[in-house]
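Comments concern the structure below.
Order of listing sets the numbers, starting from 1, for every ligand and every atom in it. On a predicted model such as this, the values are computed, not experimentally measured, just so you know.
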Amino acid sequence: MKITLATTSPLLKPDFVFGVATAAFQIEGAADSREPCIWDTFCATPGRIKDGSDGLVACDHVNRWREDVELIAGLGVDAYRLSIAWGRIIRRDGSINQAGLDFYLQLLDALQARNIKAFVTLYHWDLPQYLQDNGGWLNRDTAYKFAEYADVVSRAFGSRVYSYATLNEPFCSAYLSYEAGIHAPGVQNRKQGRQVAHHLLLAHGLAMQVLQKNAPKALNGIVLNFSPCHAATNSEADLRAADMADQYHNQWYIQPLLEGCYPTLLEHLPAAEQPDIAEGDMAIIAQPLDFLGVNYYTRTVYRANSKGWFSDVPPTEPPLTDMGWEIYPQGLTEVLLDMHRRYKLPPVYITENGAAMPDKPVQGKVQDQARVAYFQQHLLATEAAINAGMRIDGYFAWSLMDNFEWAEGYAKRFGIVYVDYVSQQRTLKASAIALRDVFAGRQQQR
Ligand code: FCB
């Protein structure tokens, strides 16, 4: 099965950026050459990770990065999105770990030598444990520590970085980590969740100021995740529940960035659950963005619950991915056009999109046709948003290779490249070949 785009597709224009994405904790391994992070602690807590695994070795990328760069280059992508492990750069005592910086410098040089644009995310959830020991994101100081870390990184990396994203999906670091309790550090407390969200956004704003100073030529921005919130029924209560969920999970992050205020739902929270906001914070948060990264996987359905709040209704009808997430490509067009209508947006990149499938190599091949279909549908959904008048400058597949899928461990495979975790052998799946063909066809046209 192939991925087919019309020759007139805006995705085939020469400037449209295609890439693949990963994150540090999910692939790097080599845990002994960095500080422990909150995910190490979480993994070491029995019952937190479904398969009882951890990130100590992962895809052993720190040792195999040369091979992985060849893999990326072989796909014919324009860009590679990676994240930096904070604890590989700044030690517990505050000193800079030069070996950690050197690892990334070599990697960035190798990408540059192959003409691959580096999209660097500074924080993809792996907060150093030494900061967690001081309160982590609940402590306002962590936001200032993040700006210092951004300063060290952006000075060291110089012109090697095409784009910096401050944070990946603050929704997850706030809600999943501090309200749902399913991500590290595993807390369930609404006030804390809202406070963490606020400190993350503050950290973003402070780091943006640093990046615009140190890397004024880079595209500097943030990566947010979006899921359209649909009502389970047309009842007024469910419609209201879906709207609250949208405010709480989607608008909570984008509105402060673009308009300097939280959604009105904030005022409906009991005072004890509202975040503390210091004077001037909202102006810091609303720094101009060079780009907005949008991650999209699925939609979410909500119903009203007895507490006057919303509850999600997990999907049961196929087509579902191996995560149990509904395959709903039109939701991508919907979230994109919805934010296009609501806000004055900077250029948008789809920074993550992909699906977990129960892949099994058969005679050395992985025929992940369902994933090929997923990419086909979501590329068309992206195209539809562009054709409706929105500016979208790039698309990144999640993920380059199978990796540590957080609370799910290694059981869920999102890669376009299959990883055998015993031999660490990488094998292109059918989806990698289908995407590679799209990229190659495009280069021939240039
Ligand atoms: C996103 C994360 C990414 C990956 C995908 C499946 O929320 O940013 O690290 O786990 O989900």
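Looking at Asp437, Asp78, Asp15 one by one, the single match for salt bridge (Lys or Arg N to Asp or Glu O under 4.0 Å) with Arg442 turns out to be Asp78. The only option from Tyr178, Trp125, Tyr123 that meets the ring pair (Phe, Tyr, Trp, His ring centres under 6.0 Å) definition with Trp137 turns out to be Tyr123. Of the candidates Phe171, Phe226, Tyr262, Tyr262 is the only one forming a ring pair (Phe, Tyr, Trp, His ring centres under 6.0 Å) with Trp252.
Considering backbone and side-chain N/O of Glu405, one or more are found under 3.5 Å from N/O of ligand 1.
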Criterion side-chain hydrogen bond (donor to acceptor under 3.5 Å, both in side chains) on Asn295 and Asn168, from CA distance to verdict: CA-CA 9 Å; Asn295 292 356; Asn168 177 70; 3.2 Å; yes
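Of all the atoms in ligand 1, the ones that sit under 4.0 Å from a non-hydrogen atom of Trp406 are 3 (C), 4 (C), 9 (O), 10 (O). Less than 4.0 angstrom separates some heavy atom of His124 from each of these atoms of ligand 1: 2 (C), 3 (C), 8 (O), 9 (O). Close approach of ligand 1 to Asn168 is summarised as follows: ligand atoms under 4.0 Å from at least one heavy atom of the residue are 8 (O).
The backbone N or O of Tyr296 lies less than 3.5 Å from a partner atom in the side chain of Asn353, making a donor-acceptor pair. No side-chain donor-acceptor contact under 3.5 Å links Arg426 to the backbone of Leu71.
Contacts with ligand 1 closer than 4.0 Å are made by no heavy atom of Asn225, backbone or side chain.
Ring geometry for Tyr162 versus Phe119: interplanar angle of 30 to 60°, hence tilted.
Judged by the shortest distance from any of its heavy atoms, Met323 lies outside the 4.0 Å radius around the atoms of ligand 1.
Scanning the protein heavy atoms around atom 3 (C) of ligand 1, the nearest turns out to be Glu352 OE1, 3.4 Å. Protein heavy atom nearest atom 5 (C) of ligand 1, with residue, atom name and distance: Tyr297 OH, 3.2 Å. Residue, atom and distance of the protein heavy atom nearest to atom 7 (O) of ligand 1 are Glu169 OE1, 2.5 Å.
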